**Student:** 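I'd like to ask you about the structure that follows.
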Amino acid sequence: MLNASDTILNNLNAKQREAVESIEGPLLVLAGPGSGKTRVITHRIAYLTRVFGVAPRNVLAVTFTNKAAKEMSERLESLIGTNETNYRNPTVGTFHSLGVQILRSHGDRIGINKDFVIYDQADQLSTIRRSLDQLGLDPKRYNPNAILAGISGAKNQMLTLEDHAAKRTHYFEEIVHRVYELYDNLLNRANAVDFDDLLMKSVLLFQNEPEILKLYQDRYLYVLVDEYQDTNVCQYNLMNQITEHHKNICAVGDPDQSIYSWRHADIQNILNFENDYPEAKTVLLEQNYRSTQHILDGAKAVIAPNQQRKDMPLWTDKEAGPPINLIISSSEQEEALSVVSEIVRLEREGLAQPGGCAIMYRTNAQSRALEDAFNRYGMPYHLIGGLRFWERKEIKDVIAYLRVIQNPSDDVSLNRIINVPNRSIGQKTVEELTTWSIENNVPLYSALKVALTDSEQAATDSNGPRLQTRAVKSIKALLEIFDSFVRDSKNISIVELLDVVTEKTGYRQSLLNEDDGEERWDNVQELRTVAAQIEELDGELALSAFLESASLASDIDKIEDESGAATLITLHQAKGLEFPTVFIVGMEDNLLPHSRSKEDPVQLEEERRICYVGMTRAKERLYLLRATHRSLFGSRLSNPPSPFLANIPEIKTQGTNDFSATENKKTILEMPAIDLRAGDHVEHTSYGEGIVIGILPETGDAQITVAFKGNAGVKRLLYSLAKLRKL
DNA sequence: ATTAGCTAAGTTTTT
DNA sequence: CTTAGCTAAT
Ligand SMILES: Nc1ncnc2c1ncn2[C@@H]1O[C@H](COP(=O)(O)OP(=O)(O)OP(=O)(O)O)[C@@H](O)[C@H]1O
């Protein structure tokens with residue numbers, strides 16, 4: 001029988017084992033893609049807790065995305081089993097979720113109220129606009145996005161307002177500084193923190209309150225960090241603070257996969273690890289378990305020209321596999337079509353499943369042509385990023401209601417929904433209230449209250465905000481409804497609260513009257529489903545916890561491969577993932593490398609790394625695609641091929657005139673545009689109701705597979721003959 | 001107070 | 001070509 005140690009070490013190679021068994025002191029695992037770095041982290045945690053006897057609660061593992069954290073927890077669970085009574089799981093989370101945890105528990109020490117909300121980019125921008133307005137600065141002249149970048153950059157480098165003051169060298173930075181000051185004030189007043197605060201304020205808290213820091217130092221005796229090459233100054237400081245005494249830090253990463261320098265990630269953090277910790281042990285992993293020989297060779301050839309790198313050996317004993325394919329098209333539409341038809345071909349020939357395919361691109365805008373092609377041919381797809389679920393208007397509206405219920409001081413959220421749906425509290429009124437609240441240094445919500453009491457007491461000589469009677473009436477109704485929500489929120493579940501809020505405010509009604517109302521209401525219902533799922537998992541859920549997961553959630557967390565849908569994703573978001581089949585579209589100069597980066601050699605090297613990350617996601621099949629012409633802002637322009645393509649030694653090119661490519665395209669082009677998708681409910685004249693489970697193109701037609709409700713069962717029908725009615 | 005219609009700007013990449 | 005933000009008209 002195997003003991004715990006054997007089970008954990010069994011599926012590791014010698015180097016990985018060495019890393020797992022190095023328990024005490026700083027440990028650096030440097031290795032290329034697919035070499036099992038993440039596996040080392042998981043197994044090392046298992047080893048620490050199950051073999052070495054470390055209490056799970058003393059272990060902290062930090063990842064980049066929630067998805068990575070979730071996957072790690074799951075793998076841990078299957079490795080060591082969990083949740084026996086008395087068994088506390090290790091902490092596995094993202095830097096940002098760690099920040100939330102720290103600030104929620106101890107933020108009061110630096111003046112952060114426990115009920116704080118987290119402002120995302122849109123909330124930040126709206127706060128910046130308000131600041132500009134207050135300062136009498138023209139948002140046309142001073143781009144709010146640029147100012148946000150300035151503030152965020154400062155925070156990412158741990159520059160507080162005072163620090164930033166010293167750094168002002170340009171006029172623009174002076175402006176940024178003035179906005180920074182007011183912006184932070186507004187955030188404070190709204191009891192809100194932004195993404196960057198989660199990290200920076202945690203570090204500041206630890207700096208100022210050593211006894212709080214000690215709590216975390218004593219709690220987290222073993223710390224493991226994934227993707228260390230993409231940590232920024234705050235994250236670096238945070239980890240150093242926690243591991244200051246025991247120095248049990250295990251950093252894992254790959255300098256060649258550092259692609260977030262624009263977010264102020266500093267590759268020096270990983271390169272200097274051995275200087276920071278002279279006693280550090282370094283383990284290099286050299287075997288790639290993910291990709292075929294062809295894919296690995298191609299990727300290595302792309303990264304090789306970078307000057308700022310140490311070459312590390314990376315090999316595979318996998319078979320050569322099919323060569324890397326280059327498909328040249330004449331437009332982005334044709335490019336997208338090539339992708340779809342190739343996926344169809346792979347599926348038909350039993351070579352790959354659509355669910356195992358990912359299409360990757362440099363910029364979000366590129367997803368559009370792909371979506372069109374997938375929709376046109378009834379192929380299911382899963383879009384990551386872009387119009388993110390959590391950023392949709394209707395979702396943000398509903399979340400805003402919940403946020404105000406939890407934290408009435410949240411000005412941005414209150415502003416958002418104060419007149420949604422229309423309740424005759426117009427711009428003028430809001431302006432008056434806002435000005436009054438800023439002058440009196442109180443939240444907007446208080447301004448509403450004052451306005452109301454004033455009018456009730458018919459106080460003519462009051463200093464309160466001066467409003468129309470109609471507006472006051474609306475405000476009264478609004479405050480009353482919020483009071484009732486706050487009361488409700490204490491007694492009912494979040495799902496119920498969502499129902500009450502959308503119903504009582506008339507939000508559902510008004511949404512359904514808008515364009516695409518049904519679809520958007522469905523999104524709100526999906527939010528309800530998410531809430532239900534979380535509640536089912538965690539039992540009664542606190543409103544704050546729900547809002548927190550809403551703030552920190554990102555789309556990538558939702559990838560499920562069971563669905564049979566191909567994944568559309570940016571190259572950045574694809575980091576850390578793997579797929580049997582990968583398509584990288586837009587392999588053109590100005591796009592990859594992006595025109596904004598290609599002038600600066602340092603940035604150009606990062607573009608190369610982005611390409612490298614994408615290529616190394618592929619396990620079996622890799623397609624690179626480029627279009628000779630592409631439209632940008634409506635006008636067509638032609639781009640030369642990406643210079644990276646020239647580095648790849650063996651590549652099979654399919655030009656636009658290539659026979660097989662044309663053949664494929666014919667099949668799919670002749671397929672009628674079908675308005676059916678897998679999952680759609682349909683009705684057939686004799687078989688009755690059913691659900692579409694598959695669509696296969698045929699020459700000039702399509703084969704639709706439908707699972708019928710009645711006795712008919714699963715049927716394959718020809719689209720042209722079946723006369724299916726969509727329900 | 002609300003809305004339709006116009007103009008100008010925008011595409012890197014995100015927790 | 002889109003879309004967000006602003007102006008003019010109701
Ligand atoms: N010792 C091993 N034996 C067999 N398969 C392994 C081994 N180690 C890792 N793998 C597999 O190799 C693949 C890549 O592993 P993992 O994701 O841990 O690599 P990584 O180094 O974190 O990759 P990346 O840096 O590209 O994200 C996974 O499918 C994993 O299951």
Side-chain angles (χ1 to χ4, degrees), chain A residues 62-69 93-100 118-122 124-126 129 138-140 143-146 148-149 152 155-156 193-200 227 230-232 234-235 258-265 332 360-369 372 384-388 390-391 393 419-431 468 470-471 474 514 548-549 551-557 569-576 586 590-598 600 603 606-607 609-611 613-614 630-636:
Chain A
V62 190
T63 62
F64 226 64
T65 62
N66 289 303
K67 181 182 165 64
T94 63
F95 277 106
H96 290 87
S97 68
L98 179 65
V100 172
I118 302 162
Y119 275 10
D120 69 6
Q121 188 163 319
Q124 290 178 282
L125 278 174
S126 123
R129 289 216 176 82
D138 181 6
K140 287 232 171 86
N143 182 307
N145 277 304
L148 176 56
S152 171
K155 289 186 176 182
N156 273 308
V193 298
D194 62 29
F195 270 112
D196 307 313
D197 285 336
L198 291 175
L199 305 174
M200 182 178 82
E227 311 277 18
D230 272 325
T231 51
N232 66 25
C234 293
Q235 295 163 332
S258 158
I259 56 175
Y260 282 95
S261 72
W262 50 274
R263 213 168 68 182
H264 296 95
E332 68 263 41
M360 305 179 184
Y361 36 81
R362 178 66 231 272
T363 68
N364 283 305
Q366 288 171 262
S367 71
R368 190 176 207 111
D372 287 347
I384 310 297
L387 279 179
R388 297 179 181 83
W390 298 100
E391 286 170 15
K393 208 178 263 147
N419 200 31
V420 178
N422 281 347
R423 45 173 79 88
S424 310
I425 304 179
Q427 205 183 336
K428 259 267 161 56
T429 311
V430 175
E431 221 164 76
Q468 311 250 328
R470 183 152 76 124
S474 303
E514 284 178 35
E548 193 170 296
S549 54
S551 305
L552 296 179
S554 79
D555 269 14
I556 199 178
D557 307 336
I569 190 169
T570 63
L571 288 161
H572 280 88
Q573 291 207 98
K575 190 174 68 159
N590 293 327
L591 210 48
L592 186 63
H594 196 272
S595 54
R596 303 269 278 247
S597 300
K598 63 181 217 173
D600 175 3
Q603 287 188 59
E606 182 149 318
E607 296 290 310
R609 292 195 291 269
I610 294 168
C611 186
V613 166
R630 187 177 293 276
S631 35
L632 183 71
F633 302 147
S635 61
R636 290 192 87 54

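Note that the structure is predicted; figures quoted are calculated from it, not measured. Proteins get letters first, then strands, A, B, ... in listed order; numbering begins at 1 in each.
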**Student:** Does A:L199 or A:N143 map to a spot on DNA chain B nearer the 5' end, using the closest nucleotide for each?
**Tutor:**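 So the residue in question is A:N143.
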**Student:** Please give, in whole Å, the distance from B:dT13 C1' to A:Y260 OH?
**Tutor:**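 Distance, rounded to whole Å: 7 Å.
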**Student:** Reckon A:L632 touches a base, only the sugar-phosphate, or nothing at all at heavy-atom distances under 4.0 Å?
**Tutor:**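 Base contact.
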**Student:** Mind checking whether A:L632 and A:N590 have side chains closer than 4.5 Å, heavy atoms only?
**Tutor:**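 Contact flag for A:L632/A:N590 side chains = no.
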**Student:** Under 4.0 Å, counting only non-hydrogen atoms across every strand here, what does A:N419 touch: a base, just sugar-phosphate, or nothing?
**Tutor:**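 Sugar-phosphate contact only.
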**Student:** Could you state the atom-to-atom distance from CD of A:E548 to P of B:dT15 in whole Å?
**Tutor:**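 Rounding to the nearest Å, CD of A:E548 and P of B:dT15 are 16 Å apart.
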**Student:** Measure CD1/A:I610 against P/B:dT11 and give the value in whole Å, please.
**Tutor:**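 In whole Å, B:dT11 P and A:I610 CD1 are 17 Å from each other.
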**Student:** Using the side-chain contact (heavy atoms from CB on, under 4.5 Å) definition, which of the options A:Q121, A:M200, A:K155, A:H96 pairs with A:F195?
**Tutor:**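 Per the side-chain contact (heavy atoms from CB on, under 4.5 Å) rule, the option paired with A:F195 is A:H96, out of A:Q121, A:M200, A:K155, A:H96.
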**Student:** What are the two closest non-hydrogen atoms of A:G614 and A:L571, and how far apart are they?
**Tutor:**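 Minimum heavy-atom contact is CA-CD2, 3.6 Å.
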**Student:** Would you tell me if any nitrogen or oxygen in the side chain of A:Q573 comes within less than 4.0 Å of OP1 or OP2 on B:dT15?
**Tutor:**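 Yes, within the criterion.
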**Student:** Specify the separation, in whole Å, of atom NZ of A:K393 and atom C1' of C:dG5.
**Tutor:**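 Answer to the nearest Å: 12 Å.
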**Student:** Without decimals, in angstroms, what is the distance between A:N156 CG and B:dT14 P?
**Tutor:**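 After rounding, the reported distance stands at 15 Å.
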**Student:** How long is the line joining CG of A:D600 and C1' of B:dT13, in whole Å?
**Tutor:**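 It works out to 15 Å between those atoms.
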**Student:** State which of B:dT15, B:dA1, C:dC1 makes the closest approach to the side chain of A:F195.
**Tutor:**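 The nucleotide sitting nearest to the side chain is B:dT15.
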**Student:** Contact class for A:Q121 (heavy atom, under 4.0 Å): base, sugar-phosphate, or nothing?
**Tutor:**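 The answer is base, as A:Q121 lies within the cut-off (heavy atoms under 4.0 Å) of a base atom.
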**Student:** Quick check on B:dT14: is either OP1 or OP2 less than 4.0 Å from any side-chain nitrogen or oxygen of A:T570?
**Tutor:**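 Result: yes.
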**Student:** Considering only side-chain heavy atoms of A:T429, which listed nucleotide, B:dA1, C:dG5, B:dT13, is closest?
**Tutor:**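 Nearest to the side chain of A:T429 among the choices is B:dA1.
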**Student:** Both A:H594 and A:I425 contact DNA chain B. Taking the nearest nucleotide for each, which residue is further toward the 5' end?
**Tutor:**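 Whichever sits nearer the 5' end wins; that is A:I425.
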**Student:** NA contact type, A:F95, heavy-atom cut-off 4.0 Å: base, sugar-phosphate, or nothing?
**Tutor:**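 It contacts nothing in the nucleic acid.
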**Student:** Side-chain N or O of A:N590 less than 4.0 angstrom from OP1 or OP2 on B:dT11?
**Tutor:**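 Negative; the distance criterion is not met.
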**Student:** Find out whether A:Q603 and A:H594 are in side-chain contact, i.e. whether some heavy atom of one side chain is under 4.5 Å from a heavy atom of the other.
**Tutor:**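 A:Q603 does not reach A:H594 side chain to side chain.
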**Student:** Given B:dT15, B:dT11, B:dT13, which nucleotide is nearest the side-chain atoms of A:H572?
**Tutor:**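 When the side chain of A:H572 is considered, B:dT13 is the closest of B:dT15, B:dT11, B:dT13.
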**Student:** Is it true that atom NZ of A:K598 has more than 12 heavy atoms of other residues, nucleotides or ligands lying nearer than 6.0 Å?
**Tutor:**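 Atom NZ in A:K598 is packed in, count exceeds 12.
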**Student:** Write down the distance between CG (A:N145) and P (B:dT14), rounded to a whole number of angstrom.
**Tutor:**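 So the CG-P distance, A:N145 to B:dT14, works out to 14 Å.
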**Student:** Measure from the side chain of A:W262, starting at C-beta and using heavy atoms only, and say which of B:dT15, B:dT13, C:dT2 lies closest.
**Tutor:**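 Shortest atom-to-atom distance from the side chain points to B:dT13.
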**Student:** Determine the sole option in A:K575, A:R263, A:Q235 for which the side chain to side chain donor-acceptor pair (under 3.5 Å) test with A:D230 is passed.
**Tutor:**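 Going through A:K575, A:R263, A:Q235 one by one, the side chain to side chain donor-acceptor pair (under 3.5 Å) with A:D230 is satisfied by A:K575 alone.
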**Student:** The side chain of A:N364 is closest to which nucleotide in this list: B:dT13, B:dT15, C:dG5?
**Tutor:**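 Taking heavy atoms from C-beta onward, the closest nucleotide is B:dT13.
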**Student:** Could you give the distance separating C:dA4 and B:dT13 at their P atoms, to the nearest angstrom?
**Tutor:**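 Rounded to whole Å, the distance is 15 Å.
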**Student:** Once you apply a heavy-atom cut-off of 4.0 Å, does A:E227 come out as touching a base, just sugar-phosphate, or nothing?
**Tutor:**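 Here A:E227 touches no strand at all.
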**Student:** Is there a side-chain polar atom (N or O) of A:N232 under 4.0 Å from OP1 or OP2 of B:dT15?
**Tutor:**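 For B:dT15, OP1/OP2 do not have a side-chain N/O of A:N232 under 4.0 Å.
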**Student:** Tell me whether the side-chain N/O atoms of A:R129 come closer than 4.0 Å to OP1 or OP2 in C:dG5.
**Tutor:**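 Yes, A:R129 has a side-chain N/O under 4.0 Å of OP1/OP2 on C:dG5.
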**Student:** Rounding to an integer number of Å, can you tell me how far A:R636 CZ sits from C:dC1 C1'?
**Tutor:**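 About 12 Å, once rounded to whole Å.
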